[in-house]
Undergrad: 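Pasting a structure here, questions to come.
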Number of protein chains: 2
Amino acid sequence: MLTVTSVNVNGLRAAAKKGFVAWLAGTDADVVCLQEVRAEPGQLTAEVRDPEGWHTVHAPAAAKGRAGVSLYSRQAPERTQIGFGGFGVPGAEEFDASGRYVEIDLPGVTVASLYLPSGEVGTERQDEKERFMAAFLPYLQGLKARAAADGREVVVCGDWNIAHQEADLKNWKANQKSSGFLPEERAWLTRVFDEAAYVDVVRQLHPDAAGPYSWWSYRGRAFDNDAGWRIDYQVATPGLAGRAVKAWVERAATHGERWSDHAPVTVVYER
Amino acid sequence: MLTVTSVNVNGLRAAAKKGFVAWLAGTDADVVCLQEVRAEPGQLTAEVRDPEGWHTVHAPAAAKGRAGVSLYSRQAPERTQIGFGGFGVPGAEEFDASGRYVEIDLPGVTVASLYLPSGEVGTERQDEKERFMAAFLPYLQGLKARAAADGREVVVCGDWNIAHQEADLKNWKANQKSSGFLPEERAWLTRVFDEAAYVDVVRQLHPDAAGPYSWWSYRGRAFDNDAGWRIDYQVATPGLAGRAVKAWVERAATHGERWSDHAPVTVVYER
DNA sequence: CTTAGTATG
DNA sequence: CATATTAAG
């Protein structure tokens with residue numbers, strides 16, 4: 001079994017003070033993918049930066065306090081890669097120091113932690129999101145081809161900042177012009193699943209569910225009303241997706257203590 | 001009796017959440033002078049902005065979140081003045097919208113709340129402090145003359161941001177080059193007391209005490225070690241100072257809850 | 001509403 | 001070390 005968890009921690013320093021450390025100590029996961037770490041490694045306590053029993057890779061953003069992705073694995077990675085430039089994809093280098101992508105090879109499987117830009121309609125942040133999407137899809141296609149040639153599977157975990165279908169957010173009607181549920185963003189995710197032939201693992205195992213949501217805004221009573229969005233995914237190659245036996249969102253992990261506005265998304269893959 | 005209290009609240013919104021409201025409800029003072037309110041009236045709750053039983057005057061700074069002085073009085077003021085420009089003192093107008101001075105007339109006595117700039121050696125902030133001092137001494141002289149002609153007494157309460165003598169701060173030796181205990185600042189205060197002939201009321205009643213200190217840095221263990229400064233004063237005309245019968249610093253008011261880094265300085269004046 | 005940056009104290 | 005701002009989410 002390989003258990004992979006992904007969670008946007010919304011500031012690892014704050015999350016660590018509120019319950020992340022206890023959550024990590026209690027998880028059965030073999031790999032934990034973090035997004036929005038929002039800290040340089042040197043700003044983290046040793047307990048969080050390099051916890052006993054884990055190998056860690058931290059990919060902070062050049063901009064202080066922004067973005068930042070990390071990967072924690074029980075096994076030592078065979079290879080580590082920060083960013084997705086250097087593979088012939090135009091525009092990919094722009095994001096190499098943006099704290100949005102880190103990838104490791106474990107035996108037979110490549111695991112990535114992704115934090116796709118969050119965007120805001122009518123602003124430069126939306127343009128950045130679109131540039132990221134334009135570069136990331138060809139990267140995913142190349143990654144899959146290289147992995148296949150190497151006999152490897154791939155799973156790209158993280159906060160994709162796009163809800164794919166109406167079932168993926170509670171208030172889909174009101175959000176059709178909101179970044180995160182724009183037609184062009186949804187169409188791009190469809191291309192990831194259809195053209196690039198990756199699989200949305202949680203949806204595959206829960207085809208009929210509303211959600212399960214993985215993010216609830218801190219504004220208003222979104223969490224209490226379960227007015228959530230499913231924007232955190234495990235996007236896997238079909239071979240690995242076919243081995244997924246269980247998937248869930250740990251809404252309880254953020255209940256009560258609520259150490260992030262996102263909840264951990266976990267998938268158990270059979271060997 | 002007229003009881004006057006002065007306290008730098010270091011952000012009235014934060015102080016209100018931590019114990020200021022309870023403290024105000026429990027005080028016997030007739031007049032309360034606040035400094036570093038750091039909020040526009042509209043940002044305060046009604047309970048703090050206009051508490052039952054008080055008349056309030058708020059003089060926020062033009063710059064958001066900076067400085068700001070207020071006066072609370074049980075009796076309605078006969079006159080209110082924000083800033084000290086308009087009395088022929090060169091340079092005084094610079095500070096009219098800086099949230100550093102407000103004055104009211106009550107029957108027979110003028111009470112002011114002052115927040116003198118805090119300064120930092122070698123920076124423009126120290127220059128600003130010096131410009132304020134240069135303008136404020138002549139204003140004090142004119143105020144006294146006008147009050148005398150009118151048969152009024154005066155007390156200027158607040159955070160003067162200068163410790164006068166060695167007894168006024170615990171670590172005076174280490175702070176001889178620190179803003180707040182510079183020779184030129186101490187000499188300026190001496191001119192307030194000697195040339196302008198105002199009286200340092202708390203020192204008059206406690207001539208031999210170390211302190212009583214009214215401010216302890218939040219850094220390190222300054223409060224626990226009582227490594228404080230006496231920089232909050234009630235500076236009164238001699239007639240009023242002669243009526244002062246009791247003066248104390250409410251160190252306990254900020255102990256435990258600690259709703260400010262300053263403590264209230266209270267004086268009881270006989271009628 | 002929350003995190004984190006920065007400026008001020 | 002604490003209170004504010006602002007930007008981001």
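So that the names make sense, note that chain A is the first sequence line, chain B the second, and so on, each numbered from 1.
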Undergrad: Measure the acute angle between the ring planes of A:F132 and A:F136, then classify it against the limits of 30° and 60° as parallel, tilted or perpendicular.
TA: tilted

Undergrad: Return the 5'-most residue of the pair A:R221, A:G11 with respect to DNA chain C, ranking by each residue's nearest nucleotide.
TA: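 The residue whose closest nucleotide sits nearer the 5' end is A:R221.
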
Undergrad: Which listed nucleotide (C:dC1, D:dA4, C:dG9) is nearest to the side chain of A:R219?
TA: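 Shortest atom-to-atom distance from the side chain points to C:dC1.
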
Undergrad: Expressed as a whole number of angstroms, how long is the span from A:K129:NZ to D:dG9:P?
TA: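 Answer to the nearest Å: 10 Å.
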
Undergrad: Measure from the side-chain heavy atoms of A:R100 and tell me the nearest of D:dG9, C:dT6, C:dG9.
TA: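 So the nucleotide nearest the side chain must be D:dG9.
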
Undergrad: So, does B:K18 get its side chain near the phosphate of D:dA2, meaning an N or O under 4.0 Å from OP1 or OP2?
TA: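 So the side chain of B:K18 is outside the cut-off, no N or O lying under 4.0 Å from OP1 or OP2 of D:dA2.
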
Undergrad: Round to a whole Å and report the spacing from CG of A:N225 to C1' of C:dC1.
TA: 14 Å

Undergrad: What I want to check is whether the side chains of B:W215 and B:D261 have a donor and an acceptor closer together than 3.5 Å.
TA: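 Short answer, yes.
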
Undergrad: Determine whether a donor-acceptor pair (one donor, one acceptor, N or O, separation below 3.5 Å) exists between the side chain of A:R38 and the base of D:dG9.
TA: no

Undergrad: So if I take residues 168-181 of chain A and measure heavy-atom distances to DNA chain D, which residues fall below 4.0 Å?
TA: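 Output list: empty, so none.
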
Undergrad: Any donor-acceptor pair, under 3.5 Å, between the side chain of B:R66 and the base of C:dT8, if you only look at N and O atoms?
TA: no

Undergrad: For a quick check of understanding: with a heavy-atom distance under 4.0 Å over all strands, which category does A:E120 fall into, base, sugar-phosphate or nothing?
TA: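 Here A:E120 touches no strand at all.
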
Undergrad: From B:I162 CD1 over to B:I231 CD1, what is the distance, rounded to the nearest 0.5 angstrom?
TA: 9.5 Å

Undergrad: Both A:N10 and B:R125 contact DNA chain C. Taking the nearest nucleotide for each, which residue is further toward the 5' end?
TA: A:N10

Undergrad: Report the residues that fulfil ring pair (Phe, Tyr, Trp, His ring centres under 6.0 Å) with A:F193, sequence neighbours left out, ordered by chain and then residue number.
TA: A:H164

Undergrad: Whole-Å distance between D:dT3 P and B:Q35 CD?
TA: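 So the CD-P distance, B:Q35 to D:dT3, works out to 18 Å.
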
Undergrad: Quickly work out the A:L44 CG to C:dA4 C1' distance and round it to whole Å.
TA: 13 Å

Undergrad: Is the side chain of A:R230 donor-acceptor paired with the backbone N or O of A:P212 at a distance under 3.5 Å, no angle test?
TA: no

Undergrad: Expressed as a whole number of angstroms, how long is the span from B:Y218:OH to C:dA7:P?
TA: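 About 22 Å, once rounded to whole Å.
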
Undergrad: Starting the side chain at C-beta, find the nucleotide from D:dA4, D:dG9, C:dG9 nearest to A:Y115.
TA: D:dG9

Undergrad: Is the ring pair B:W259/B:F20 parallel, tilted or perpendicular, if the boundaries are 30 and 60 degrees?
TA: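 Rings of B:W259 and B:F20: perpendicular, as their planes differ by over 60°.
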
Undergrad: Starting from C1' on D:dC1, measure out to CH2 on B:W259 and report it in whole angstrom.
TA: 18 Å

Undergrad: Is the side chain of A:S113 donor-acceptor paired with the backbone N or O of A:G158 at a distance under 3.5 Å, no angle test?
TA: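 No, the answer is negative, given that no donor and acceptor are paired below the 3.5 Å cut-off.
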
Undergrad: Can you measure B:D159 atom CG to C:dG9 atom C1' for me and round it to whole angstrom units?
TA: 10 Å

Undergrad: In whole Å, what is the span from the CG atom of B:N161 to the P atom of C:dG9?
TA: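 It works out to 9 Å between those atoms.
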
